[in-house]
Amino acid sequence: MASKPRSALHRIFSNTGFLISSRIINAICSFAYVAWAVHALGLKSFGVLLLITTFVMLVSDMTHLQSWQTLLHYGTASFEARDKRRFMPILGYCIRSDMISACVGLIAGVVAITLGGTHLLGWSEPVKRDASWMMLTAAVMNTGWSTGLIRLCNRFGLAALFDFASTCVRTLGYLIGDLCHASLEFFLLVWFLHQFALFILSSLGGLVLLRRQMGKDTRLLPCLLAPSEISGIWGFTLRVSVNQVLDAVFRQGGTLIIGALLGARDVAIYRVTKQICDGLAKPAQMMIPSLYPEFVRFRDSQNWQELRHVARKLTLVIIGFSALAMLVALFGGKTIVTLMLHHSFDYELVIILLMVCSALLEVCIIPLETLLTVMGRLAVILRYRLGVIALYFVILAGLLRLCGVIGAALASVICSALIFGLCLAFAARWISPRAAARHTDL
């Protein structure tokens, strides 16, 4: 019995290693290209760049159906058995979901900018114009079906390679922009090209993996027209997607509110600090994509004892890493922020520590949500999470007026702590042997 947990842990840590190595390189590139962009544009214009890209990501996240989770949830068994008849309709459903959500995101973003860009976001006409054409990026940000295939094949190294290649496009573009003293529009174009490169690479990679598993004669067009007859597939996709929408509103919506209330300069300070703190927590977050396939296998085999064994081991890893991240933030975070922004401000350390706490709480939330999703209990926490997100914006608005950017960081910590407590309470029956003993279905 012990060999299987070790095997699952080995796959999780091996796949995580690929993603972490990519993220370390990306973090180094980020340190460079953010500094170049700030140097070329100035802090205020860089803040406008962040506001526009944040809005695009928010709209994409809010309209993006999480088709990769659907592909893994319903297609793992048929994919491993190379059963085209059962798997291809599921894949076709996921591709259609990506295409439809991309079109909806593009249209919804342009409409939102036209109707509310001035009154709600406080954007000038030039900023609205730039944001409108940048919504084209939303059409190439949905790679759910190809991401699902990469994870089904345990080819996480490919995902890391594609991510690194797209980051190279962004880094090189920002360097050229700094050397040539380029305009805001140039940096926006580079951001679009880096997303487009990731889309092309992921799609080609997914197609190659599909043909290797299912045969070289496999075609995508026929499966696009094949209806999926699996009961509940649409409801499952909506539930996991709504959860991601709430997460996007929490992560990106606060940035837009800060921009509307405090201005572009404070947005730059908040986002770069958050980016650094998320980077410190990123190695632990990179564990999450490899958890879902393993949890699905445990569920399919009804192997709750091994699931709890893996969950406890991962908890210890996350706790140890969290302590290390806090030490790095405490002794080196202020220096990193100053180097990236070319500016120093009095409350750097306070914001850094608060944002690291928020990022680490989010790391702890994601494995619990993964477990609840696999076990079909995600809908239970959606109502509670919606209430917490609504409370977050109330707290954020109040704390912004009282404490400025520090208030934004504090509101993020409060909301993350509440969501973590809810997820832990609902997941306890699958994690704790004592709690599991009270349920006859385990």
Side-chain angles (χ1 to χ4, degrees), residues 30 33-34 36-65 98-144 163 165-203 245 248-249 251-253 255-260 263-265 267-268 271-272 275:
S30 173
Y33 66 64
V34 168
W36 291 333
V38 173
H39 181 260
L41 297 174
L43 195 57
K44 184 175 181 181
S45 294
F46 179 69
V48 174
L49 172 68
L50 291 178
L51 282 173
I52 293 175
T53 54
T54 297
F55 180 80
V56 174
M57 289 189 292
L58 174 61
V59 173
S60 177
D61 289 344
M62 291 184 67
T63 56
H64 184 191
L65 296 174
D98 287 344
M99 295 172 63
I100 293 171
S101 58
C103 293
V104 171
L106 172 61
I107 296 171
V110 173
V111 171
I113 293 169
T114 303
L115 298 180
T118 300
H119 302 293
L120 296 180
L121 300 175
W123 289 354
S124 63
E125 288 301 320
V127 174
K128 288 172 59 178
R129 182 188 65 244
D130 289 336
S132 296
W133 72 260
M134 274 296 290
M135 284 311 307
L136 290 171
T137 316
V140 295
M141 293 181 73
N142 295 358
T143 58
D163 196 30
S166 66
T167 300
C168 287
V169 173
R170 185 177 183 180
T171 304
L172 179 61
Y174 277 27
L175 174 60
I176 294 172
D178 184 29
L179 294 175
C180 299
H181 305 287
S183 64
L184 173 64
E185 287 74 14
F186 177 84
F187 284 91
L188 289 171
L189 176 61
V190 171
W191 195 83
F192 167 81
L193 292 176
H194 122 265
Q195 294 287 349
F196 183 71
L198 181 60
F199 175 80
I200 294 297
L201 291 172
S202 298
S203 300
V245 167
V249 170
R251 289 184 290 106
Q252 313 291 357
T255 302
L256 298 176
I257 291 178
I258 294 168
R265 181 181 181 276
V267 163
R271 274 303 301 269
V272 171
Q275 180 179 343

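Bear in mind that the values here come from a model prediction, so they are computed numbers and not experimental data.
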Starting at [atom1] of [X], measure out to [atom2] of [Y] and round the result to the nearest 0.5 Å.
X	Y	atom1	atom2	result
Met134	Thr53	CE	OG1	7.0 Å
Ile113	Asp130	CD1	CG	10.0 Å
Leu49	Thr54	CG	OG1	8.5 Å
Leu193	Leu172	CG	CG	11.0 Å
Leu136	Gln195	CG	CD	13.0 Å
Thr137	Phe192	OG1	CZ	5.5 Å

Closest non-hydrogen atoms of Trp191 and His194, given as atom of the first, atom of the second and distance, are O-ND1, 3.1 Å

Grab the two heavy atoms, one from Val169 and one from Val190, that are nearest each other, plus how far apart they are. O-CG1, 4.0 Å

Can you sort out the partners of Tyr174 under ring-ring contact (aromatic ring centres under 6.0 Å, His included), two or more places apart, ordered by chain and number? Tyr33, Phe187

Verdict with supporting geometry, Phe199 and Met141, side-chain contact (heavy atoms from CB on, under 4.5 Å): CA-CA 6 Å; Phe199 175 80; Met141 293 181 73; over 6 Å; no

Can you tell if the side chain of Thr171 reaches within under 4.5 Å of the side chain of Trp36, non-hydrogen atoms only? yes

N/O donor-acceptor pair under 3.5 Å between Ser166 side chain and Asp163 backbone: yes

Without swapping roles, check the side chain of Ser60 against the backbone of Val56 for a donor-acceptor pair under 3.5 Å. no

Determine, stepwise, if the pair Val34 / Phe46 fulfils side-chain contact (heavy atoms from CB on, under 4.5 Å). CA-CA 9 Å; Val34 168; Phe46 179 69; 3.8 Å; yes

Counting only heavy atoms not in Phe186, do more than 12 fall under 6.0 Å of its CZ? yes

For Leu198 and Thr143, run side-chain contact (heavy atoms from CB on, under 4.5 Å): C-alpha distance rounded to whole Å, both residues' side-chain angles, the deciding distance at 0.1 Å, then the answer. CA-CA 9 Å; Leu198 181 60; Thr143 58; 5.5 Å; no

By the salt bridge (Lys or Arg N to Asp or Glu O under 4.0 Å) test, which pairs, at least two apart or in different chains, include something from residues 117-128? Glu125-Lys128

Extract all donor-acceptor atom pairs below 3.5 Å that involve side chains of residues 98-111 and protein atoms in other chains or at least two apart in sequence.
| unit_1 | atom_1 | unit_2 | atom_2 | d |
| --- | --- | --- | --- | --- |
| Asp98 | OD1 | Ser67 | OG | 2.8 |
| Asp98 | OD2 | Ser67 | OG | 3.4 |
| Asp98 | OD2 | Gly144 | N | 3.1 |
| Asp98 | OD2 | Trp145 | N | 2.9 |
| Ser101 | OG | Ser97 | O | 2.8 |
| Ser101 | OG | Asp98 | O | 3.1 |
| Ser101 | OG | Asn142 | ND2 | 2.8 |

